[in-house]
Structures are given as C-alpha cells and as structure tokens.
Amino acid sequence: MDLWTKKVAGIIAQVALLLCSSHGTTGEEVCDSALVSNLQPSAFRSSSQLSSSHGPGFAKLNRREGAGGWSPHTSDRYQWLEVDLGERTKITAVATQGRYGSSDWLTSYLLMFSDTGHNWKQYWQEDSIGSFPGNSNADSVVQYKLQQPAIARFLRLIPLDWNPSGRIGLRLETYGCPYTSDVVSLDGSSSSSLVYRLSPGPKRASREVVSLKFKTLRNYGTLMHADGQAGLSLSLELERGKLLLLNRQSRSSYSEPWRLASLGSLLDDQHWHHVAVEWRSSHLNLTVDKHTERVQIPAEFNHWDIKQLSIGAVYSQKPATSKRNFQGCLENLLYNDLNLIELAKNKDNQVTVMGNVTFSCAEPVSVAVTFPGPHSFLQLPGPTAPTSGGVSVGFQFRTWNKGGLLLNFDLPQEGVVWLYLSEARLRLQIHKAGKTLLELSTGSGLNDGQWHSVELNSRRGRLTISVDKEEGGVAHASPSFPVSVGSQLFFGGCPAEEDSQECKNPFNIFQGCMRLLTVENHPVDLIMVQQRLLGNYSHLQIDMCGIIDRCSPSRCEHGGRCSQSWTIFHCNCSGSGYSGATCHSSVYEQSCEAYKHNGNASGHFYIDVDGSGPIKPQLVYCNMTEENTWMVIQHNNTELTRLRPSPGVNPHSVHFNYSTEEEQLLAAMSQSEHCEQELSYHCRKSRLLNTPEGSPFSWWLGGPGSGHLQTYWGGAQPSSQQCACGLQGDCVDPQHYCNCDADRLEWTEDSGLLIHKETLPIRSLVLGDIQRPGSEAAYRVGPLRCHGDKSFWNAAFFDKETSYLHFPTFHGELSADISFLFKTTASSGVFLENLGIKDFIRIELSSSTQVVFSFDVGNGPLEVHVGSSAPLNDNRWHRIRAERNVKEASIRLDELPVVTQEAPADGHFHLQLNSQLFIGGTASRQKGFRGCIRSLQLNGVTLDLEERAKITPGVRPGCPGHCSSYGSLCQNQGRCVERASGFHCDCGLSAFTGVFCHTEVSASFKSETSVSYTFKEPYELSRNSSALPSSIYSDMTLRGENISLSFRTNQSPALLLYVSSYYREYLALLINKHDKLEVRYKLDSSREAEVLTSRVRSLANGQLHTVTIRRLTDSVSLQIDQNAREDFNLTSDGEFNTVKSLTLGRVHESDDLDQDLARLGSLGFTGCLSVVRFNSFSPLKAALLHPDTSPVVVTGPLTQSNCGCSALANPYAAENTHHLSGVIAVVIFVIVTSLVITGRFLYRRKETYRNQEVKGVKQEDSQDFTFNNPADSQNTASENPNEYFM
C-alpha cells in the first residue's frame, strides 16, 4: 500500500469513526493487515513434508521459493500446517493458494486456533459449517472473511480434500491486526480475588455494564459477585460448565441462592469465553459468547446500587470455601468501560488484590483426543514389564452418548475385557470362550457432557472399577483368575474387522473425548501418538476436544426439553402444546371458530391465538350451539353476589382474576371480531352513578393491565356516566340516567352488555352506596364472551396469473411455519415466494395433485413433495401447513400424513431473505396462482389479505363459495347457506338442531303428556307466519310417508305416534304387549286396520332404539336399529286421505280410534322420544323450541332432555384437554359435572318446558333476553333464531 492510499484510508476511517460517534457508537479500526508474509520460517510447523524444499516455511502466499509451497509426505486427512503469529492476534480473514507451478491444491479445509499450540479449537461458521472452500487451481487466491474474528496466537490448517489429480499443496496468508488485552490469573485459593469498591456518591446511571473474558479447566467457581444495599447481591458462578446468575439474599457465602438464569455450556474447555452483564432498571441482559438472554430481576433490585464487585470469589467477613472460587484466567475486565485489571496493576486504591494473583495467564497443558465417528480408535501397547496378575488403567472422558466402548484388551491366557458405557452407566464384562465370566457396573448419568474420571485396577485378586474418584461409584469383584493386559489396549473402538483379530466391539461405538490417559500409573504422551511415535490410531482429532453442546442454546421452542447425542439433538415436546422436530408448531387451533369448522361440538378446548408465536395456549370454553361461535373466558366470580348494608365501611371493592394469563387474554380479544361482558347491578335504595355532572357512587376498571377508570354501565356508551335505560330514555325516574339512581325502596336493576373491546375485560368493581341503613345491592359480572376470528375467513381472490399481493420480507431465519387454505380450478400456480441473494422459500401447486415446498438456506435447493389421490383443483378448500427448522422440513396437505425431509447434519441453517414476500404470484409475474387463498399465517402472524387486496389490481378481497367445502358439516337434512365470510346450516327441514343440525331434540314424556301437531291449510299458515314453509294441504292425499324417531321406554304396551285424518283413517306406531313394534295402517275407513308386526323383540328394555318407516303406496319397509330391514305389503289402495294431525303421547280425541287403540292412547307414553320426523315435519322440535310459531298444542309436562343422545361426550374436546395435569383435569370435570347436574335439577323442577322463571335459566327462545347464567353458555344448547319449523 503506497503513502497516498494509506492517507486516503486513514481519512475514510476517521470519517467513519466520526459518523459512528455521532450515533453513540465507536467505529472499528481497519483490521486487515497481512500477518504471515513477514514471519520467519521457524514460525511454521507441519505434520510432515514431502522434502526439504516442500517444507512449511515455503507456504507463503504468492511466493515461489523452494518447491513453491508446502506439501506433506503423505496426502491424507491427518496432515496439518501450523503458523505461530508470535502473540495473540485478531484474525479476520484467511486466503489460500495451491503450490506454485503444480497440480497440487486444496479444495476444502478446516481451521483451528490456539493460544498455546495445544488444546486446539475448531472455527465454525454459523455453528455448523466447519469446512472452508479451497482452490480450483494452483495459482488463484481464494480468500474467506471470518464471520466472527478469531483471537489466537497459533493457527492450524487441516486439509480435507484436494485435487484428485495431484496431492496436497498449500500457500496461505492470514489477515488481521494486533490484539491488546489486560490479563489476570487466579489460582482458586480461598483468598485469590480482586475486589472493586465503588466510590460513594449519588445514584449512578440506570444502565451499568460489567464485561470480561475468562478461560478455565474447572467446571465450577465464582466468577463475579456484586454486593449492594440491604444485603442484596448477585453472583455469576460456574456450575457444571454452565454460567449461573444467582440472587443471594445475604453476604454469607453459605446462604442458599436463588437461580435467575443459566446460560452457556462446556465453559470449562480452557478457551476464552465472553461474558457481559447489563443492568437495567427492571431487568438485566446476560450475554455468554454470542447468546444473550433477558432476565427479569426481582422488584427489590429496581433501585439497587452496586457497592462492591468481587472477582473470582465471594468476598465477605467469613473465609470463603475454596471450592466456590474461580481458578483460571480473566481478560479485559471492565466496569462501565473502566478497566479494573489495569487499575489493579497500577495499585489503584479502589481495587484490592487478594491472595495469589498474577497479571499473566498461566495455562496448564492438557492434551485431549476426540473420537468423532464409527472408525475411531486408539491403540496403545501394553505394559513393557507387566506385573503378574495385575492391571492399572486410568483416563477421563466426556460424551453425550448413553453407550459406547471405552476400553478393551485381551487377557494373556485367553479371554477379553470390555469396559463400556450402557444406559449412561459404566459397565465391565470379562468374556472367555463366548461365556460371561464377570460383570460389574457403577455410576449413572455419565452422558452429561462433563468430564468423568475412570480407574480400572486389578491387584492381588481384587478387581475394582471406579468413577469420579469414588464420588460417582465403585464396584468390586474377586475373580478366580488373574486380570492383566495382554499385548495391546484399545481405547474408544476397534480397527476394521479385516485389520484386527485382537479387538472386537460388540457394543456401540464411543463418540466423545478422552484425556489424562495412564497405563500402570504412567501418563500416555498423546503428542507422540499424533506423531506416530507411539501406538496407532485412526480417525482421531488429537490435542483437542471437539464436543459441541447442541442444546445450548436450545433449539427446542416453547419449553420443549432438549436432549442430545454426539451428532444430533432431539426435542421432547410432550406437555408443551407444540409439535415438530423443534416444538415449533402448535397442536391446537387458533380459535373456537376453527374448532367449529372441524366439526366439533361445544366443550373445553385449548386455543393458541398466535400459533407458533410466543403466547402460550389457553383453555377456554367454546359454545358452538349458536349461530355465532362464542369463546367464553371465566373469572373467579360470575355469580350474582349480594351485598348487605355496611355502615361506616369504605366502598366495597372486588377484583376479578381470569382463567387465562394477561397476554393470552388480550391476544384472544384482539383476534375476535366482537367481545362482550355482562355487568348488572340489582339495587334497593343503593344509588349507582348519580348524574353525568356529579361524581359517581360506583365505577369499574377495565381494559389492559390493571384497567382504566370507567364510569358508564352495561348497555351504555363509554364516558357517558349512564346506564342502558339512560341511553334508551326509559329509566324509572326520568331525572336520572340509571334505574338505581332513583334511590327507591323497591328492587330494581341496571343491567346490560359492555361491548367496547378497549374497555374490556372488567378488572375491578367499586360499589360505593351500600353504607346507608336499608341499602341492599347485588352485582354480577359475567364471563368475557367473544365471537368471530378475524383471520379465519380473511381471503383474497386472484383472477389472473400475473396478479399478486406483496408484503414485507418474511423473517424465519431458524424456524418458519406457513399455513393457509386455498381453492382453485387451475392445475398449477405459486402460492407464495420470498427471495434472498441466494436463499429462497416457495410453496406452489406443481400439478393438480401435488404441492411442493422448496427452499434454499445455502446448501442447495431442497424440495418436499406432498401428493393427493384426488384432484386439488376441485374448487374446494384445501389446507397447507409447511414448516422448516434446523432439523427438517415438512409439509402437510389436508389431513394426509406429514411428509418430512431431514436437513443436512452439517450445513447452513439460517434462512436469509431480503426481497418482498409475494403471495399468489412471483417477482417474475410468471406461474402465478389463480383462485382463492385464505387464512394465511406465517409464524403465527396473520397477513391481512383483504386489506391489501382492496388496493391491488387483479386481486379481489374475500372469496365466496364455502358450502362446496363445508356443506358436509350440515347433517340430517340441514341445508348449507352461503355467507360473505363463511356459511351457516339451516336446520328448518331437519328434526335435529344445533349449529350443524347434529343435536338430537329429545323430550321426557309422562303418562299425561300430549303433543298434538295440526296440519293446517296454506292460507292459515301464511296468516300466522310468513316465514314458515308450506304445509300439507288439508284435502291432499298422501301416497307415502317417511317416518323416523328414536325412543327409550320400559312401558308395554305403549303408543309412540298417532296420525289421524278427516276421513276416519289413521296411522299408529306402537309397542305391543310382547315388546314388539307394530305399525297399524287404516287407509280405508270401511275396513279393519292392517297390522304390521316387526320380528325384533325386547324393545321396552329402557335402551335407545331408532325406528325408520317408509311407505310408497302399498309397500312398507321397517327398520329398527341395525337390524335387517323388514318389508310388508298393504291390501288397501295405499292412499292416506286428508291428514289432520299427529300426536305424540296421550291421545285425547279417541272417537275415530278402534277400541283397543283408544284404550292404549288414553294410557299415554312414559319414556323418551327423540328426533321425531314425519315427512318434512319435525313436531317434537317445533313443540320444544318454537311453540309460538308452530301449529302445536302441548298438554301435561314436557321436559327437554338429552335422553335421546347416544353419545354424550365430545372425544375431540377430551383429546384437547389431555395436557391438563391430573389435578386440574379432575377439578374441571367436577365443576362441569356439578353445573350440568344443577342445571338439569333446576330445569326438571319447572312445571312445563315454557316456564320462564327469573334468574339462573337461559331463555333460549326469547330474542329480548340478552344475558346468560355463568354456566348457561357452557351447558345449555340454544337454537339458531333463523331456523323455521313446520
């Protein structure tokens, strides 16, 4: 670089620094100087060299000395080139080149770094990419900029692949800049520490930062302890290689701490780790290396000031235990940018040096060896002078695997010894001639990634194996034969079968690290092993431990529990409410609306309002008995609560706790189209709000958090300080705006619905006018009820292939889930596409029967295909759910099985996108989608397709035509009716009721009960109700009937149904005295009735039976339950003339009946009738649900019940509540059962089904009654008010 260039570079750097400083940051200096070119040849080392002219000293970029670069003696993966930079240096880039004038170059390699020339650490890109791309010829230079700079003195490059037509050849350069630091070494003794005492003075800034680097071989120790006022303190401590943030309540080192956070893992690897703690007012940010966690701290720390920092130990008046002290090195210890190590070196009086502290890093040399795979083994010679009948072998290991062979050797006189892991326990077996002579086991949980020491000793006829110097366990045996080593010991595995007759491994392979190997108490020199001067090995990484904690930080989301082996991690999602390889996708629907359209009945369901987002699932009640699907969220007091006079007592205050957490509650409300909550006040000489000009006697708090003050009442408008009667102008005293403000002695009430979501839910209620003598009041705050799902029907219609919607870039770097519904008549089209520079993600309909989910995160395109046996372009809704995470990609179509494809074990996993997200098309405007897309959600966030479609040409908001997909949900002759957003089932022509016409309409009959349905003239019918369909004409002739009903009774004989006519003809359905079913037809008044008797017996057995009768002229078919159909023929002409009425139960008009049938009709029917249907008429349904608009007369008691239900449980709801703990499940079951029993008891006490007594019972048929009892919305079915009954 010439002088002018240097000046320009300097000016640019200063400008950059100035710009960064103006934004509160510090500009970084340029760090790209060449580091290798000026080094002496002695700074280079290698595993071997082809000749003296191919030595490592010639491996400088663009040099031609010697043979033009370095080449090892043998080209294999055990070779390496090492560079000593002379001091710790910041390394930012590496460049490689082949050997000059040759066909020798590398195509890929690994990089290792070290401070000491031992204990190497591999450099990883994105935590999973270990290899670097090399060269394609001998002369071009390939430079790679490190994503994160490395700080090291030594660099080692290990060839992985090279030109297949040549051999390994290399010239290299590294780039970076000098690295300066202040270092201190603590020896872990009881007094070895630094203590920094802060200057007394005013409170410091709300943000305080402590940062440092540390390295250690010990997996425990106090890194830092901060003391403050009131005995409060925080500690950063290593425990089992993890960094814990602890809250200690006193300065005693013996007090029991409270763990606030845990971060990092394997921090005892003798490599530098960065730690930073940033204190804020209510939280702190804890950083370990590249990972930061936000930690909520206890409230008492909100105004906490640090008085003293102890580094390396807990400094107190009592002597600290040395086991808790830190042993290792610290670097760049800063408190708010104040260098504490520099202050200590300068003997500043604020920093006290305690004990044995040195200002350099004294590093012990510990050489480890890594066994990475199935072909790894280490072979060592046995003792040169073996002791008779004895053996002593020791080593330390760490692994994540539960099993693996650690050590085996042959006995001198036939037999083999195996020392291995099984189920994370240490086991020893001795075999001879295929028989097990001896077995021992000890230890547990040895696959925890920690270092564990193992010793095997055999002396004087006693065999011992121990783990962790007897702390982890010891096992003894006294074999009858000597145990000693033959000629060889094998650690970690065996050579390939064809290469070894001495070593057999019947167990799992060992994958992990070993160190401190000893044979007969002599340490094994692993560097000599690496140099092939001792023993033999294969597929080992010597002088490093390559263990990786794949669970730190955990890739398991939503509380999924992470476990791992050496190569993979696994997420246990049980109990989390989420599924998938990383517990990313919710197993629950996002709303009650979604459960309804899966065909579910009312019940308790978990809903997850943001899908894969951070908000947890919540248990709510979904009331699906009405046209709107209501989500009901209970609180701790939904009953009518009475208040007695309390003279001299402050206003009565009550707080409401809801069954869901705050975040869940607000999200559920936000997603709903409408929310409401009943607020009622019953009063007797107890005023409520006074006047809009005066101060209110009572008020309530509502809205987010603890709520905001509200002075209006149910049914009125916010801020009006009125009740519903004030808004409607019908208060009992026109001078007031609430009934209760009239202050009368008679009971009155102010009730209504609060419907403004910004003021919901009700948090607290304050009632003020209850102190006066004679004042009485009662209040009720109902559950929060919401209906509608803004996202479920949100849709857009794309009418051209060139049309699309665009949204901001999708951010799903590590995990992404996409779900939507589509319908189309086209055979192909792109649903969604988002591009990056190289990465992309796309979902498309590739053919009429296949959907493809494709993406690229840097490893090359990957596709997951899902196919359907039926065409997907059938203009019906189909659901797509796709997910991509670091472990796999998956896609599901409708309810077909999930198709998955695993991600590469070692590869890129960050999805990096930068373009707009295209919906319904692509950036190229080709292969666009024609049709509808609905309910599109990305990582739980709904995209508002309708709003964007309103302003986009070629795209229309909404999408009609839902009955083609959901019409099958309307059961039992229910008719699907289209809506702009959704559909509903018209049950007018069905004997059933409910949202999907699937609820059986049943009633309990007593002997005096009679239901008579009269078939009227059309003009009479239209005069009574213009909405009702046509009736049977009075003078018409029926040539056939379709009759169906279910019954349950113990009575015989019994008349079930009787149909009369104006011409003394009739049809009767009865159970005879033999418990058989009879159908009696009298279709000719001059002849006797014809009796058709079924062969099915025992129908009066109290069980539910279903009967279907079909007649066409003289042919009659009869079926009972699942029995075979019975066919009969009538002898009459087959015409049933001028039908008059249909009667269920007791028949009062018996003049036209035969004598025995009249007697039977007068007895009435005792039992249950359900879903009675006569042609298109449903008389029982009309009598129970809409008697005022139907030509029906009821006498005697008639009670609606569920006696006709064949299945009273909702299996899907049960499935969706199985995640409750046993106790909660039992409590909910007891509560719900109690409410059902109570409701039925109260209901049965009514004299007739139409009694409308005051409180507690939901009035299903009244359009004016607007409130529900707390249990009503969960236990009483209501009918769609738009239905019509004939």
Side-chain angles (χ1 to χ4, degrees), residues 40-59 66-67 69-84 106 109-122 152-160 162 167-170 172 270 363-373 375-384 393 395-396 407 487-496 499-500 503 513-520 522-546:
Q40 296 297 315
S42 59
F44 296 83
R45 293 176 62 236
S46 65
S47 53
S48 65
Q49 59 189 45
L50 185 60
S51 68
S52 59
S53 60
H54 293 79
F58 299 112
W70 167 70
S71 285
H73 184 271
T74 304
S75 291
D76 59 30
R77 292 191 171 187
Y78 301 111
Q79 308 303 321
W80 46 266
L81 175 70
E82 181 182 312
V83 180
D84 180 0
L106 303 181
Y109 59 91
L110 301 179
L111 278 181
M112 306 278 185
F113 295 104
S114 170
D115 283 351
T116 62
H118 291 290
N119 190 32
W120 295 91
K121 183 174 184 179
Q122 184 176 347
R153 173 179 172 179
F154 295 89
L155 174 148
R156 182 175 282 188
L157 186 148
I158 300 177
L160 288 180
W162 48 91
R167 58 189 307 126
I168 294 173
L170 176 65
L172 88 162
Q270 193 62 12
E363 297 193 51
V365 174
S366 176
V367 179
V369 58
T370 305
F371 297 78
H375 305 295
S376 303
F377 74 90
L378 170 61
Q379 178 182 344
L380 295 176
T384 54
V393 178
F395 58 90
Q396 291 185 0
L407 168 68
S487 59
Q488 304 289 334
L489 297 105
F490 293 89
F491 291 86
C494 293
D499 298 335
S500 173
C503 183
C513 302
M514 290 188 185
R515 70 181 183 185
L516 302 180
L517 280 71
T518 62
V519 178
E520 297 300 333
H522 295 294
V524 176
D525 190 341
L526 292 174
I527 298 302
M528 289 184 64
V529 173
Q530 183 183 38
Q531 296 169 349
R532 304 287 183 179
L533 300 176
L534 176 66
N536 188 22
Y537 69 90
S538 176
H539 294 85
L540 297 184
Q541 297 171 338
I542 297 179
D543 208 359
M544 66 172 292
C545 179

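The figures here come from the full heavy-atom set of this structure, side chains too, leaving out hydrogens, waters and symmetry mates.
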Rounding to 0.5 Å, atoms CZ (Arg156) and CH2 (Trp80) come to a distance of 4.0 Å

**Asked** Are Arg532 and Tyr78 in a cation-pi setup, meaning NZ or CZ lies under 6.0 angstrom from the ring centre and within 45 degrees of the ring axis?
**Response** yes

Between Trp70 and Ala59 the two heavy atoms that sit nearest each other are CB-CB, 3.8 Å

Contact check, side chains of Val393 and Thr518, non-hydrogen atoms, under 4.5 Å
no

Side chains of Ile527 and Gln530: closer than 4.5 Å at any heavy-atom pair? yes

When rounded to the nearest 0.5 Å, the distance separating CD of Gln79 from CG of Leu160 is 12.5 Å

Ignoring hydrogens and geometry beyond distance, is a side-chain donor-acceptor pair present between Glu363 and Thr116 at under 3.5 Å?
no

For Ser71 and Gly169 the tightest heavy-atom approach is OG-CA, 3.7 Å

**Item:** Working for side chain to side chain contact (heavy atoms under 4.5 Å, CB included), residues Leu157 and Leu170
**Value:** CA-CA 10 Å; Leu157 186 148; Leu170 176 65; 3.7 Å; yes

### Task
Answer with yes or no after comparing the ring centroid distance for Phe371 and Phe377 against a 6.0 Å cut-off, counting only values under it.
no

query: Would a 4.5 Å heavy-atom cut-off, applied to side chains only, mark Glu82 and Phe154 as touching?
result: yes

Looking at Ser75 and Ile168, would you say the former's side chain and the latter's main chain have a donor-acceptor pair under 3.5 Å? yes

I'd like to know if the side chain of Ser46 and the backbone of Ser48 have a donor-acceptor N/O pair within less than 3.5 Å. yes

**Asked** Any side-chain heavy atom of Leu489 within less than 4.5 Å of one from Gln379?
**Response** no

Separation between CG (Asp543) and NE2 (His118), nearest 0.5 Å, reads 5.5 Å

Checklist line | Whether Ser376 side chain and Leu540 backbone form a donor-acceptor pair below 3.5 Å | finding: no

Heavy-atom donor-acceptor pair, Arg167 side chain to His73 backbone, under 3.5 Å
yes

What's the verdict on side chain to side chain contact (heavy atoms under 4.5 Å, CB included) for Leu534 and Val524, showing C-alpha distance, side-chain angles and the deciding distance?
CA-CA 9 Å; Leu534 176 66; Val524 176; 4.2 Å; yes

### Side-chain touch Leu155/Leu172, heavy atoms, less than 4.5 angstrom
yes

Separation between CD (Gln122) and CD1 (Ile158), nearest 0.5 Å, reads 7.5 Å

Exercise. Under the 3.5 angstrom rule, does the side chain of Thr370 hit a backbone N or O of Pro372 as a donor-acceptor pair?
Worked result: no

Separation between CD (Gln531) and CG (Leu526), nearest 0.5 Å, reads 11.5 Å

| task | Over 60° means perpendicular and under 30° means parallel, so classify the ring planes of Phe395 and Phe491, tilted if in between. | result | perpendicular

Between the OH atom in Tyr537 and the CG atom in Leu378, the distance rounded to the nearest 0.5 Å is 10.0 Å

* pair Met544-Lys121: side-chain heavy atoms closer than 4.5 Å -> no

ask   = Is there side-chain contact between Pro56 and Arg45, with at least one heavy-atom pair below 4.5 Å?
value = no

- Would Leu380 and Val529 count as a side chain to side chain contact (heavy atoms under 4.5 Å, CB included) if you check the C-alpha gap in whole Å, the side-chain angles of each, and the deciding distance to 0.1 Å? CA-CA 9 Å; Leu380 295 176; Val529 173; 4.1 Å; yes

**Asked** Do Pro383 and Val519 touch side chain to side chain, with heavy atoms closer than 4.5 Å?
**Response** yes

